[in-house]
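Some notes on the structure that comes next.
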Amino acid sequence: MFKLLPDNAATTVTVMVNGKTVSVPQGFTAAAAMLLQGNGATRTSALSGEGRAPYCMMGVCFECLMDINGEPNQQGCLVTVTEGMRINAQHGKRMVAE
Amino acid sequence: MPDFDAIVVGGGLVGAAVAYGLARRGKKAVVLDEGDIAHRASRGNFGLVWVQSKGFGVPEYQRWTRRSSEDWVAFSAELQQETGIYSGHERPGGVTICLTEAEFAKRSERMAQLHLEAGNTGFDYEMLDHAALKKRILAIGPTVTGASFTPYDGHANPLTTLRALHAALLKRGSVYVPHARVEHINAAPNQFSITRNGVTYAAPRLVLGAGLGNNPLGKLVGLNVPVHPSRGQIIVTERVQPVLPMPTLMIRQTVEGTLMIGESREDAGFDDTTSPEILHTLADRAVKTFPFLRDTRIVRTWAALRVMAPDGLPIYEQSREYPGAFVCTCHSGVTLAAAHALHYAGYVIDGALPPELARFSTRRFDVQAAA
Amino acid sequence: MSPPFDLAIVGAGPAGMAAAMTAAELGLSVAVLDEQPEPGGQIYRGVERLAATRPNHLAWLGPDYAAGLELARSFRKAKVEYLDGAKVWQIEGTSAGRLFYKRHSAAGILTAQKFLIAPGAMERPMPVPGWTLPGVMTCGAAQTVLKAHGLVPQGRFVLAGCGPLLLLLATQLVRAGIKPAAILETEINRWTALPRLPGFLAAPGYLGKGLGLLRELKAASIAVHKGVTHLAIKGDTQAREIEYTCGGATRTEPVDLVLLHQGVVPNGNLAWSMRLAHEWDDAQRSYRPVLDAWGRSSNPAVLVAGDAGGIIGAKGAEAMGRVAAFAAATDAGKISAGDAGERANAARAEFAKHRGARPFLDALYRPQQQWVAPPDADTMVCRCEEVRAGEIRRLVTDQLCPGPNQMKSFVRCGMGPCQGRLCGLTTVEIIAECRGLPVKDIGYYRIRSPIKPITVGDLATLDVPRRDDAVGL
C-alpha cells in the first residue's frame, strides 16, 4: 500500500515483520514498517475479530496496536524501530502468562 | 396532570430497580432523573454481587444480601428475557484474597463469625491456603497467603444492568424523565406531586432512590437519611483473554475481558477525582495478587462516590409524617438490585415494610442521636 | 524529586517550542515534554531527520514545512529541559502540581508552578461506511509517513473529504511524482464563506497559497469530483472500492487505498482530563478550552496554546505560544503586566493576523451534517468498541439516554483504548441531532487519566506515598 521514495540517505535497520526480514530506514516506526509490507490487517479486533490497520499514524486512534518484541498491544506508530525488532500482528485480546 | 402509581426519584441502579419492580407488578412508575452529569454511583460501581463481606454483627444484613444474591439468577434471566440485554451476571463463587498471614487470620475469624451469625440459615465457606487457591485461580502470585471462598458471591456488569432496567421499565409502560433534578416535593399522606420542566407528576407513592441526593430530599418528606459520600477509586485495563474464573473482592475480570481493580475507601467529600497515591496502592496490591497484571495496560481510572450511611447499612424506611413516601438507599446497588426489584417494590405497593427490614429503619439514627 | 519548574510545557510543536523559547528568554525555568523522538509536532514532523537524510524532499514538501527546521534548530539551542519521547499521562492542575509521564519505559514525575499544554490538533473523525477497513487512513496519516519516513501510496488511491490539508497533501504527492486517481471533494460552503473573505484576504499569503495548490492540481490533471454528498468504502478484508454520490449520480471506483479528511479539531483529551472549562465553537464544529486572550484557561495553573485551544494553524500557533509565555512570565512575577503587554505586541499582532483568516476557512470547510453524524445506522462510530450510529440513535430516541456519559456507560462507546478520541465528537453530534438541540447543550465525555497507556506495573512502582489506610482488607 506504501512504498519508499528514493534518495534516502538514512542508514537502515533490519527488523522482522510478521516473521519476514526487512530493511527499513533508521527512524521508521513499527507501524510504518508494517505499511511497507502491504494492505492487510495488522491486528484483529478484540470484539468482532475483524481486521484493522494503522489509521492515524499519530498516536490517537489506537488502531495500530501490534505485538512488538513479544509485548502485545503496543501502539506501532509511536515505537521507533531498533535492530532486530520483532513486529507482529496483534490477534484479538492479548494473552497473559499465568 | 399525568397520574402514576409511584414517583421514583433517581434513575440509577437503586431507583431503576425499584421502578422496574413496580412496573413488573403492573404499576406505572415515573422515574425522575438528573441529566448526563451527576454523582451517579451506578456508573462508577465495581460490579460485585457480594455476600462474604456483608453483615458482621448484623445478621439481618447478611440474610438480605444473601437473598438478593440468590434472587440475582432469576432476576438476570428475567431482564434478559424482557429486554434481550445480558446483565453480565455470573455466580461462580468468589474469593477475598489475603496477602499476609495477619490478613488471613483476621479473615478466618470473620468468616467463622459470619457462619455463627447465620444460624440455621447456614453459611458455607472455605478458607483456602495458597495451594488450594492456586487450584482454583492459577494466576495468583507466589506471595499470596490464601483466601476465603463462598459460593454465594458473583458479579455483574452494572452498566448493562442499568441499561436493561431502563429498557424493561419503559417496556412495561413506566416513564423515564431525564434532566429532571428534583428540588421540591409537594407532600401529603399518600399524595405526592413533583413539578419539573412544566409538567406535574402525581402519585400516591414516592420512592427516594436518589443516592446522595436522598439526604436533602428526605428532609422534604420527613425522612432522616444521613448518607454521606465515601470515595472509591477503580482501575480498568485493556481486554485480555479469560484468566480469572471467579471475582475477587478487589480484582475481577469482566465479561468483556477487561480487568477491574478496586476499590478504595476514603472520605473526600464530594471530590470525585482520582489520586495517584490511592491508585498506586491499589496497583501494588493488584500485581502482588496477580503478577500478570504488571504488564497489562490501563485504559482508564476513575473515582466514584459510594452512598454511605454512618453504619454502612442500607436505609429502608417509610415516612411516619407522610405515609406513602419511602426511601431506599445503600452502597451496594448492584448486589441488592434483585432484592429491590423483586421485593422492595412490593413493600412500596403494600404500603408497609416487613419486620425483617426493621433493622434498616432510620430509627437506628434516633437511638444513636439520643445516646 | 527535583525542584519545581516555573513552567512545564506539553508538546513540542510550533506552539510548545515557541512558548518554551520565549519563556526561557524571560527567565523562567522550563521543561518541555513531547511524545515524539524529535521536536516539530505533527506539522513539522521529522523535519530535522528529513533535512539530514532526504534534503531534496524539502523542496516539494514546501516552504511552510521547511520553516519548521529553523524553529526546531532554535528550540534545540534554547535553555530548556527537553524530554523527547515522553508520554504525559496525567497532570494535577494545581500550582506546584505534579506531571506524570512515561519515557523510555520508565515512569517520571516532575512538578511545575504552571503548565502550558500544547498537544496540537488531530483530524476530525470522519465516520463513513467502511472506514474501519484496512486500506482506509486519514490524509494526515499519509502526510505523516511522507514527512517522517518518505513513504508514498502505492497502487490506486483516492483522497476523499475536504480541507486545506487534503489539498496540500495531494499537491505534495503530485510534486513527488505520485498521482491520486481522484479527489472526491465533499461539499464545501462557498456562499456562507464568501462574506468572510475580507479577513482572509487581509492575512497575507493565504489566498496565494490556496490558489497555488488548486492550480498545481489542475496542471497535473488530477480528477477532482466536487460536491460529493455520500461516500461508502467497500471490501471484504480490505478496501476494494469506493462508492460516491456527486451531482445526483452514484458511481463506484476501484481503490487500493482511501485517504479521508474532514478538517482538524483540537486534540483535547489532556485538557478534558484536567477538567478545564470548554465551550462549543460552532464555526469550527468542535469543543475547545475556554481561554482568555493570553491563553489562560479556567484553571489558574494551566495555559493552553496552539491548535489545542482552537484551530489556528502552525504560524498562528507559534504566535500564541509566545503570547502564552508572556502570560506565564507575568504570573510568575518575572515581568510586569504592563511590560508583557508591550513586549507581547508583535506576537499578539501576528496571532490576530492568522486568527483573521480563520472565519473564511472555517466557514468554507465547515463539515456537513452527514460527515459528523453518519446517517447510515450501520456506520461504525466507536471503532474500539464497535458501536454503530444506529445503536446510539436508538438509545436516545427509545430510552431517552440523557447524554454522552450515560451513552458511554450503556453501549461502551468511548471506553476503548483510544478513550473516545475517535468517537467523542460523533457521539455528541448524533445525540444533538436526535434531540434537536445544539451540541453545546449535550456536553462531552468525561475523559479519565491515564490519557496515555501505562501498565498496572507502572502505577505499582510509581514514586508516590502509599495509602494503605484506604486500600486493603
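Keep in mind it's a predicted model, so treat the numbers as computed, not measured.
- The stretch residues 30-49 of chain A participates, sequence neighbours left out, in no ring pair (Phe, Tyr, Trp, His ring centres under 6.0 Å) pair at all.
- Both the backbone and the side chain of C/T132 have a heavy atom closer than 4.5 Å to some heavy atom of chain A.
- Ranking C/A176, C/G85, C/P453, C/C139 against chain A, the residue ahead of the rest is C/P453, based on heavy-atom pairs under 4.5 Å.
- Residues A/L5 and C/L151 fail the side-chain proximity criterion, which asks for heavy atoms closer than 4.5 Å.
- Taking both residues in full, the closest heavy atoms of A/C61 and C/C384 are given as O-SG, 4.5 Å, listed atom of the first, atom of the second, then distance.
- Across every non-hydrogen atom of A/L65 and C/P417, the tightest pair is CD1-CG, 4.3 Å.
- When each of A/Q26, A/Q75, A/E50, A/M57 is scored by its heavy-atom pairs under 4.5 Å with chain C, the top score falls to A/M57.
- For A/T80, the part lying near chain C is the side chain, with the backbone staying farther off; criterion is any non-hydrogen pair under 4.5 Å.
- Side chains of C/V152 and A/F2 form no contact here, defined as non-hydrogen atoms less than 4.5 Å apart.
- Applying the ring pair (Phe, Tyr, Trp, His ring centres under 6.0 Å) test to pairs two or more places apart or on separate chains, those with a residue in residues 18-61 of chain A are A/F28-C/H149, A/Y55-C/W131.
- By number of non-hydrogen pairs under 4.5 angstrom with chain A, the leading residue of C/I178, C/L133, C/V136 is C/V136.
- Note that SG of A/C56 and CD of C/Q42 are 8.0 Å apart. Values are rounded to the nearest 0.5 Å.
- For the residue pair A/V60 and C/L422, the shortest heavy atom distance occurs at O-CD2, 3.7 Å.
- Side chain of A/R52 to backbone of C/R383: a donor-acceptor contact under 3.5 angstrom is found.
- Nearest heavy atom pair, residue C/E386 against residue A/S45, reads OE2-OG, 2.5 Å.
- Residues C/Q154 and A/M1 fail the side-chain proximity criterion, which asks for heavy atoms closer than 4.5 Å.
- Residues A/F62 and C/C418 come closest through the heavy atom pair CD1-CA, 3.5 Å.
- When the candidates A/V24, A/T11, A/L35, A/T29 are compared by the number of heavy-atom contacts under 4.5 Å with chain C, A/T29 comes out ahead.
- At a 4.5 Å heavy-atom cutoff, the contact between C/N56 and chain A is made by side-chain atoms alone.
- In this structure, CD on C/Q36 lies 7.5 Å from SG on A/C77, to the nearest 0.5 angstrom.
- Contact annotation for C/P37: only side-chain heavy atoms (C-beta onward) come within less than 4.5 Å of a heavy atom of chain A.
- For chain C, no part of A/T42 is nearby; none of its heavy atoms comes within less than 4.5 Å.
- Across C/E385 and A/L47, no two heavy atoms sit closer than the pair O-CD2, 3.5 Å.
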Take A/D7 and C/R54, measure what side-chain contact (heavy atoms from CB on, under 4.5 Å) needs, and give me the verdict at the end.
-> CA-CA 6 Å; A/D7 315 324; C/R54 294 178 275 132; 5.8 Å; no
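- Contacts of C/N267 with chain A are made by side-chain atoms alone, with heavy-atom separations under 4.5 Å and no backbone atom involved.
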